[in-house]
Engineer: 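Quick one: the structure is below, and I'll ask about it shortly.
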Amino acid sequence: MFKPRVPTNLLPTGDVIPYATPTAITRPGQPPAPAAGYSCHHTASARPSAPAPVSARPTVQLTPGALITVVVGGTTVVLIVGVVLVSLLLAIALTGVSLTICALVIRSLVNGQGKQR
């Protein structure tokens with residue numbers, strides 16, 4: 001339960017990434033020393049010469065038929081939600097009216113009994 005779990009890569013790339021273990025203390029303003037086993041030949045002024053990679057996501061292209069389907073589906077959803085909300089408001093209004101009528105009838109019965117004595 002308290003053991004840390006290392007996430008697994010579902011699509012392994014074959015690269016082995018070692019665990020980083022800090023061995024030296026660096027002072028503020030001083031660049032960190034390169035770790036053993038790493039070879040980096042980049043400089044601070046190096047800039048990528050290749051353009052940014054293109055996204056692998058497919059682009060969405062709407063055909064006229066698909067556009068009509070989306071419009072009709074959206075209209076249907078809006079109409080169904082509207083009908084449900086109107087019916088809920090109508091049910092609340094009818095409940096309020098019926099409670100008002102019941103209260104008036106009970107009040108008139110109670111007042112009528114008091115006058116007959």
Side-chain angles (χ1 to χ4, degrees):
M1 180 174 163
F2 295 107
K3 293 181 182 179
R5 295 182 182 163
V6 178
T8 58
N9 189 1
L10 299 178
L11 301 171
T13 59
D15 296 337
V16 177
I17 301 173
Y19 288 110
T21 55
T23 57
I25 298 174
T26 60
R27 294 189 178 119
Q30 181 183 14
Y38 290 101
S39 61
C40 183
H41 302 288
H42 300 286
T43 61
S45 63
R47 297 185 189 264
S49 59
V54 178
S55 176
R57 292 180 284 159
T59 57
V60 177
Q61 297 177 353
L62 288 177
T63 61
L67 186 62
I68 291 173
T69 303
V70 168
V71 169
V72 169
T75 305
T76 305
V77 167
V78 167
L79 288 176
I80 289 174
V81 169
V83 166
V84 168
L85 290 177
V86 167
S87 64
L88 286 173
L89 289 173
L90 185 61
I92 292 170
L94 288 176
T95 303
V97 168
S98 65
L99 285 175
T100 304
I101 292 172
C102 289
L104 289 175
V105 168
I106 291 173
R107 190 174 87 177
S108 67
L109 289 175
V110 170
N111 285 340
Q113 284 180 354
K115 288 182 181 178
Q116 289 179 0
R117 287 187 179 189

Engineer: Could you work out the complete set of other residues in the hydrophobic cluster of V78, with links drawn between I, L, V, M, F, W and Y side chains under 4.5 Å apart?
Structural biologist: none

Engineer: Connecting only ILVMFWY residues whose side-chain heavy atoms lie within less than 4.5 Å of each other, what is the rest of V77's hydrophobic cluster?
Structural biologist: V81, L85

Engineer: For residues 69-76, dump all side-chain donor-acceptor pairs below 3.5 Å to protein atoms at least two apart in sequence or in another chain.
Structural biologist:
| unit_1 | atom_1 | unit_2 | atom_2 | d |
| --- | --- | --- | --- | --- |
| T69 | OG1 | G65 | O | 2.8 |
| T75 | OG1 | V71 | O | 2.8 |
| T76 | OG1 | V72 | O | 2.7 |

Engineer: Taking ILVMFWY side chains as joined if any heavy atoms are under 4.5 angstrom apart, and letting links pass through other members, which residues group with I106?
Structural biologist: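 V110, all in the cluster of I106.
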
Engineer: Out of curiosity, I68 CD1 to L62 CG, how far, rounded to the nearest 0.5 Å?
Structural biologist: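 So the gap between those two atoms works out to 11.5 Å.
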
Engineer: Nearest 0.5 Å please: distance from the CG atom of L104 over to the CG atom of L99.
Structural biologist: 11.0 Å

